[in-house]
There are 2 protein chains.
Amino acid sequence: MTTNGLQHRQTEIPEEINGLRMTRQRQEVYRFLMGERTHPTANEVFISIKEALPHVSLATVYNCLEALVQHKIIRQVNFDREPSRYCPNLDEHGHFHDETTGTIHDIKFKPGINLTDILDLPPNTVIKDIEITLRGQLA
Amino acid sequence: MTTNGLQHRQTEIPEEINGLRMTRQRQEVYRFLMGERTHPTANEVFISIKEALPHVSLATVYNCLEALVQHKIIRQVNFDREPSRYCPNLDEHGHFHDETTGTIHDIKFKPGINLTDILDLPPNTVIKDIEITLRGQLA
DNA sequence: ATAGTAATAAGAATGATTCTAAATTGACGT
DNA sequence: ACGTCAATTTAGAATCATTCTTATTACTAT
């Protein structure tokens, strides 16, 4: 007895975000990332959304993640050359990689801090993206 | 007419740095990085030192780079998931990746700035390493 | 010199990601 | 509803930086 053609699941996701059409696959990828704050890898996303979409392929997960990143709906986070991780937090922030547990924590900047203020940039530099990653341990 | 068993080339490199025995291969890798400020990849190092060591293998270049990084003689720099690059500048600094030319510039911090001062870190955090990477264009 | 350890070489293996080609889906005008 | 065209998805192959394996070579200390 659905009242419309859309199946309504846990979270409603609009048909379009930032100009990107939210297909069923993109919705599942995005929904999972919104609920998971652990910065999952593409493979972890894949395994998880297979519950809802048993026929989804890993290539599609990569496609979806790339589309979501390109449209600034999520962020891609890289630690050294480990598999990329994905993050739905769009606020400007860094990432702390706790070596003992392997967990990743979002790191906010203290209020009033502007990253470009403290960097000695060459003149006429247009910054498109900043990434700050920290590695260490939570003693 | 060598006065000792060591061949003396362009730059003298000590037999040991930070507890790492500087083999011929490690010397060549290190010497090249010291002269090149372009943040070369392992493959670029490989191609270049082949002039001095025609029989060197790529695996050895990787081994040398890893040893040098581990002993804090050079730094490894990663941009997204591109091939790792290597940097002999040990001062705390970030990297700016100019998208138009593909070049990488070291970015110093303005004097008196302490990175951990501006980050809202969880209590009892021991930071082992910080990496700051910027992407954009030199207009 | 000899033994033991570390480093190197060559090539195979790994693994995250991207590519390719075919099939499916969706949007839109009729 | 129907057809058309573009976008998306799928499955599997391909890519490519890096790591691993094994044999050989080079050092170090006895």
Side-chain angles (χ1 to χ4, degrees), chain A residues 4-7 13-30 32 39-50 52-71 73-74 76-86 102, chain B residues 4-7 13-32 39-71 73-74 76-86 102:
Chain A
N4 61 36
L6 299 168
Q7 47 284 74
I13 289 177
E15 300 193 6
E16 193 175 305
I17 303 180
N18 291 0
L20 181 71
R21 183 155 64 86
M22 291 302 280
T23 64
R24 184 73 208 289
Q25 288 83 342
R26 288 172 187 159
Q27 285 176 29
E28 291 298 338
V29 169
Y30 184 52
F32 174 63
H39 303 81
T41 62
N43 199 51
E44 286 163 357
V45 174
F46 175 56
I47 289 167
S48 179
I49 71 169
K50 266 207 285 216
L53 296 170
H55 291 291
V56 77
S57 80
L58 182 55
T60 297
V61 171
Y62 274 103
N63 288 343
C64 291
L65 289 168
E66 191 190 345
L68 291 167
V69 168
Q70 223 112 63
H71 287 76
I73 300 167
I74 63 172
Q76 183 171 16
V77 181
N78 295 298
F79 283 92
D80 304 327
R81 297 214 14 117
E82 289 172 23
S84 290
R85 295 176 173 277
Y86 298 88
Chain B
N4 61 37
L6 298 168
Q7 49 282 76
I13 290 177
E15 300 193 6
E16 194 176 303
I17 303 182
N18 292 0
L20 181 71
R21 182 156 64 87
M22 291 302 280
T23 63
R24 184 72 207 288
Q25 289 82 343
R26 288 172 186 159
Q27 285 176 30
E28 291 298 337
V29 168
Y30 184 51
R31 192 195 330 277
F32 174 63
H39 304 82
T41 62
N43 198 51
E44 286 163 357
V45 174
F46 175 55
I47 288 168
S48 178
I49 71 170
K50 266 206 286 214
E51 284 171 31
L53 295 169
H55 292 292
V56 77
S57 80
L58 182 54
T60 298
V61 172
Y62 275 102
N63 288 341
C64 291
L65 289 168
E66 191 191 345
L68 292 167
V69 168
Q70 224 111 65
H71 287 76
I73 301 168
I74 62 172
Q76 182 171 16
V77 181
N78 294 298
F79 284 92
D80 303 328
R81 298 215 12 117
E82 289 171 22
S84 289
R85 296 175 172 279
Y86 298 88

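Lettering of chains follows the sequences in order, A, B, ..., and the numbering in each one begins at 1. Remember, predicted model here, so these are calculated numbers, not experimental data.
To the nearest 0.5 angstrom, Ser57(B) atom OG is 7.5 Å from Asn63(B) atom CG. Between Met22(B) atom CE and Glu15(B) atom CD the span is 11.0 Å, to the nearest 0.5 Å. For the atom pair CZ of Arg24(B) and CZ of Arg31(B), the computed distance is 7.0 Å after rounding to the nearest 0.5 Å.
Close to dT8(C), at under 4.0 Å from its OP1 or OP2, lies a side-chain N or O of Thr23(B). Contact check, Ser57(B) against dA10(C): no side-chain N or O comes under 4.0 Å of OP1 or OP2. Contact annotation: Ser84(B) reaches the phosphate of dT18(D) (side-chain N/O to OP1 or OP2, under 4.0 Å). For Arg21(A) and dG26(C), the shortest distance from a side-chain N or O to OP1 or OP2 is not below 4.0 Å. Distances shown here put every side-chain N or O of Arg81(A) at or beyond 4.0 Å from the OP1 or OP2 atom of dA17(D). Residue Tyr62(B) places no side-chain N or O under 4.0 Å from the OP1 or OP2 atom of dT19(D).
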Review point. How far apart are the C-alpha atoms of Phe46(B) and Lys50(B), what are their side-chain angles, what is the distance that settles it, and do they pass the side-chain contact (heavy atoms from CB on, under 4.5 Å) test?
Key: CA-CA 6 Å; Phe46(B) 175 55; Lys50(B) 266 206 286 214; 3.5 Å; yes

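Between Tyr86(B) atom OH and dA17(D) atom P the separation is 12 Å, expressed in whole Å. Here dT19(D) presents its C1' atom at 15 Å from CD of Glu82(A), a figure rounded to the nearest Å. Taking atom CD on Glu15(B) and atom C1' on dA26(D), their separation rounds to 14 Å, with Å as the unit. If you measure from atom CD of Glu16(B) to atom P of dC27(D), you get 15 Å, rounded to the nearest angstrom. Note: CG (Leu20(A)) to P (dA27(C)) measures 13 Å, nearest angstrom. To the nearest angstrom, C1' of dT25(C) lies 17 Å from CE of Met22(A). Put simply, CD on Gln76(A) is 8 Å from P on dT17(C), counting in whole angstrom units. Between Glu28(A) atom CD and dT10(D) atom C1' the separation is 17 Å, expressed in whole Å.
Asn43(A) comes within 4.0 angstrom of nothing in the nucleic acid, heavy atoms only.
Among the nucleotides dT10(D), dT9(D), dA6(C), the one closest to any side-chain atom of Ala59(A) is dT10(D). With dA7(C), dA17(D), dT9(D) as the candidates, the nucleotide lying closest to the side chain of Gln25(A) is dT9(D). Here the side chain of Ala42(B) is nearest to one of dA9(C), dT10(D), dT18(D), namely dT18(D). Residue Leu58(A) places its side chain closer to dT17(C) than to any other of dA9(C), dA7(C), dT17(C).
For Arg85(A) and Val61(B), each mapped to the nucleotide of DNA chain C holding its nearest heavy atom, the one lying further toward the 5' end belongs to Val61(B). With DNA chain C read from its 5' end, the first of the two nearest nucleotides for Asn78(A) and His55(B) is the one closest to His55(B).
Remark: side-chain polar atoms of Arg26(B) are paired, donor with acceptor, to backbone N or O of Arg21(B) under 3.5 angstrom.
His71(A) is not listed as a side-chain neighbour of Ile17(A), based on a closest heavy-atom distance of 4.5 Å or more.
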